[in-house]
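Each remark here refers to the structure printed beneath this line.
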Amino acid sequence: MKTVFVTVGTTCFDALVKAVDTLEVKEELSRKGYTHLTIQMGRGSYIPTKTAGEEGGLVVDYFTFSSSIADYLKSASLVISHAGSGSIFETLKLGKPLIVVVNEDLMDNHQCELAEELAERKHLFYGRPQTLNQTIKSMDLGTLIPYMPGDATPVAKIINRFLGFPDI
């Protein structure tokens with residue numbers, strides 16, 4: 001079983017849910033060998049189509065919120081996520097292939113900058129709702145470089161010294 005997990009976080013990101021729910025995207029995911037699609041749709045009003053995998057298609061299920069998406073992330077073979085830094089880094093730390101889709105309706109586009117930077121460093125793939133199918137079609141998981149979190153200890157020591165705290 002190869003599962004794609006889609007998360008929009010706590011926001012409304014109907015454009016992403018609609019994009020994943022298109023026949024083109026579902027067919028492309030099937031062509032790539034994925035069998036299940038689970039969508040966390042957040043506060044959105046668009047309801048995706050549930051399917052039981054008829055005629056060799058994807059098994060599609062959805063939910064609004066979960067107290068923790070950690071189990072969904074751990075069991076996923078591919079994650080498609082909004083550009084929230086928490087979702088991005090939680091997925092990368094698990095070593096899961098990730099497509100980040102930027103919500104262009106949000107005013108604050110630091111998310112866009114973060115996704116672009118991490119894509120340039122080959123840690124993830126990046127796109128927009130309208131380019132999701134092309135992103136999936138062209139993605140080569142073998143080109144991804146695992147993300148290694150940095151060690152914040154040296155920075156913490158400098159801040160502690162500056163604030164007058166003893167070294168730990």
Between [X] and [Y], is any pair of side-chain heavy atoms under 4.5 Å apart?
X	Y	answer
Leu78	Lys32	no
Gln40	Thr64	no
Val4	Ser77	no
Phe5	Leu73	yes
Met148	Pro146	yes
Val101	Leu132	yes
Ile39	Thr7	no
Thr38	Tyr62	no

Listing, residues 44-51 side-chain donor-acceptor contacts under 3.5 Å, not counting sequence neighbours, or none:
unit_1 : atom_1 : unit_2 : atom_2 : d
Ser45  : OG     : Asp14  : OD2    : 3.0
Tyr46  : OH     : Asp21  : OD2    : 2.6
Thr49  : OG1    : Asp21  : OD2    : 3.4
Lys50  : NZ     : Asp61  : OD1    : 3.1
Thr51  : OG1    : Leu58  : O      : 2.8
Thr51  : OG1    : Val60  : N      : 3.4

Can you tell me how far the [atom1] atom of [X] sits from the [atom2] atom of [Y], to the nearest 0.5 Å?
X	Y	atom1	atom2	result
Leu98	Leu141	CG	CG	11.0 Å
Glu113	Glu117	CD	CD	10.0 Å
Lys74	Glu90	NZ	CD	8.5 Å
Glu28	Met139	CD	CE	8.0 Å
Phe65	Arg43	CZ	CZ	4.5 Å
Ile88	Ser81	CD1	OG	6.0 Å

Using the rule that Ile, Leu, Val, Met, Phe, Trp and Tyr join whenever any side-chain heavy atoms are under 4.5 Å apart, tell me whether [X] and [Y] fall into a single cluster.
X	Y	result
Val8	Leu37	yes
Ile136	Leu144	yes
Phe125	Leu29	yes
Tyr72	Tyr34	no
Phe63	Ile80	no

Problem - Contacts of type side chain to side chain contact (heavy atoms under 4.5 Å, CB included), residue Thr131, not counting sequence neighbours - result: Arg128, Thr135
Handout entry: Side-chain H-bond candidate by donor/acceptor type, His82 with Thr11, under 3.5 Å
Key = no
Exercise for the section: Look at the side chain of Lys26 and the backbone N and O of Val20, then say whether any donor-acceptor pair between them is shorter than 3.5 Å. Expected result: no
Completion exercise
Minimal heavy-atom distance between Val25 and Ala19, with the atoms involved, is CG2-O, 3.2 Å
Practice task
Quick one: closest heavy-atom pair of Ala115 and Val100, and the distance?
Solution key: CB-CG1, 3.7 Å
Practice task
Would you check if the distance from the ring center of His123 to the ring center of Tyr147 is below 6.0 Å?
Solution key: yes
